[in-house]
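Fair warning: this is a prediction, and the values are worked out from it, not measured in the lab.
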Amino acid sequence: MTAGSAPAASVWELDTGGMRLSLTLSPEPYRGFSGEGGVLASLASDDVTDDAALVSALLSWDPTIDVPTLAGQAGLTDERVRAALVQLGTAGRVGYDVAEQAYFHRVLPYDAGRAERDNPRLVGARALVEAGAVGRDGDVATVRHGTEVYRVRRRPEGGYACTCRWWSRHRGERGPCKHALAVSMVEVPA
């Protein structure tokens, strides 16, 4: 972080050689550890639930999950396995070790559907898609929400930009708005 940068989560670690103690701090109590919306695109995929079930069946209790090996076993791309691991992570089935920069298998008593229910942008994006609110106008997608029309455009550096208030306030720093997420759900990957 630099002076004037937006607040961000931080991880502090004490490594004793035989064990590690990690402390993760959220920048504001109401934001929790949501990943700042960074995992919403992974959770929005139509295939992620089925992929997560397949990947879950293939997990072993290895200290780290090898994504390329798991992708080969599942017959999926590395990207789809990572999205499945995000889904499993929100359900408490895998964790992410920041020091190792790798997933590991675990089982916590989480409700698997909680991630979707607790994320209003994901719920809102699914409702927009189901309502047929996403359309195309040349290179720009249009999303109709009530009487409002939002324009969503693909950004050269990745992701989407939107004309909504969420986007103007956060500029992608806290993940996509529901309009951009809805557009990503209906677009066919390039």
Side-chain angles (χ1 to χ4, degrees), residues 1 4-9 26-55 67 71 76-94 96 110-190:
M1 290 183 62
S5 65
S26 180
E28 297 161 338
Y30 67 88
R31 285 166 64 176
F33 299 106
S34 64
E36 296 303 306
V39 299
L40 288 176
S42 295
L43 295 174
S45 165
D46 285 338
D47 299 322
V48 73
T49 303
D50 293 336
D51 291 352
L54 174 58
V55 166
V67 171
L76 300 171
T77 64
D78 287 6
E79 183 179 307
R80 283 181 63 180
V81 168
R82 282 189 189 90
L85 290 171
V86 166
Q87 173 78 15
L88 292 170
T90 63
R93 300 290 313 279
V94 300
Y96 188 79
Y110 286 164
D111 174 6
R114 182 175 174 201
E116 178 127 358
R117 285 192 314 271
D118 288 352
N119 199 307
R121 284 181 280 159
L122 186 56
V123 171
R126 289 203 192 283
L128 289 169
V129 170
E130 288 172 16
V134 180
R136 261 280 160 222
D137 187 12
D139 290 340
V140 178
T142 57
V143 180
R144 299 185 188 290
H145 185 213
T147 60
E148 300 292 326
V149 177
Y150 300 97
R151 308 275 185 220
V152 180
R153 180 182 313 266
R154 204 177 269 283
R155 298 169 64 203
E157 63 272 16
Y160 296 88
C162 183
T163 58
C164 73
R165 190 178 342 175
W166 173 270
W167 173 258
S168 75
R169 185 178 308 140
H170 301 292
R171 297 273 181 205
E173 301 243 338
R174 293 187 57 197
C177 65
K178 65 182 173 183
H179 313 107
L181 195 54
V183 169
S184 74
M185 292 166 80
V186 298
E187 283 192 343
V188 176

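Within the model, atoms OG1 of T77 and CG of D51 stand 8.0 Å from one another, a figure rounded to the nearest 0.5 Å. To the nearest 0.5 angstrom, K178 atom NZ is 10.0 Å from C162 atom SG.
In this structure, W167 and H179 have side chains that are not in contact, with every pair of non-hydrogen atoms separated by 4.5 Å or more. Between P176 and Y160, every side-chain heavy-atom pair lies at or beyond the 4.5 Å cut-off. Using a 4.5 Å cut-off on side-chain heavy atoms (C-beta onward), V94 and V55 make no contact.
Shown here for L181 and R121, the closest heavy-atom pair between the two residues is CD2-O, 4.0 Å. In terms of heavy atoms, A180 sits closest to V152 at CA-CG1, 3.9 Å. Across every non-hydrogen atom of A182 and V134, the tightest pair is CB-CG2, 3.8 Å. When all heavy atoms are compared, the tightest approach of V129 to M185 is CG2-CB, 4.1 Å. Looking at every heavy atom in both residues, V48 comes nearest to A83 through CG2-O, 3.4 Å.
Other residues, nucleotides and ligands place more than 12 heavy atoms under 6.0 Å from the CZ atom of R155.
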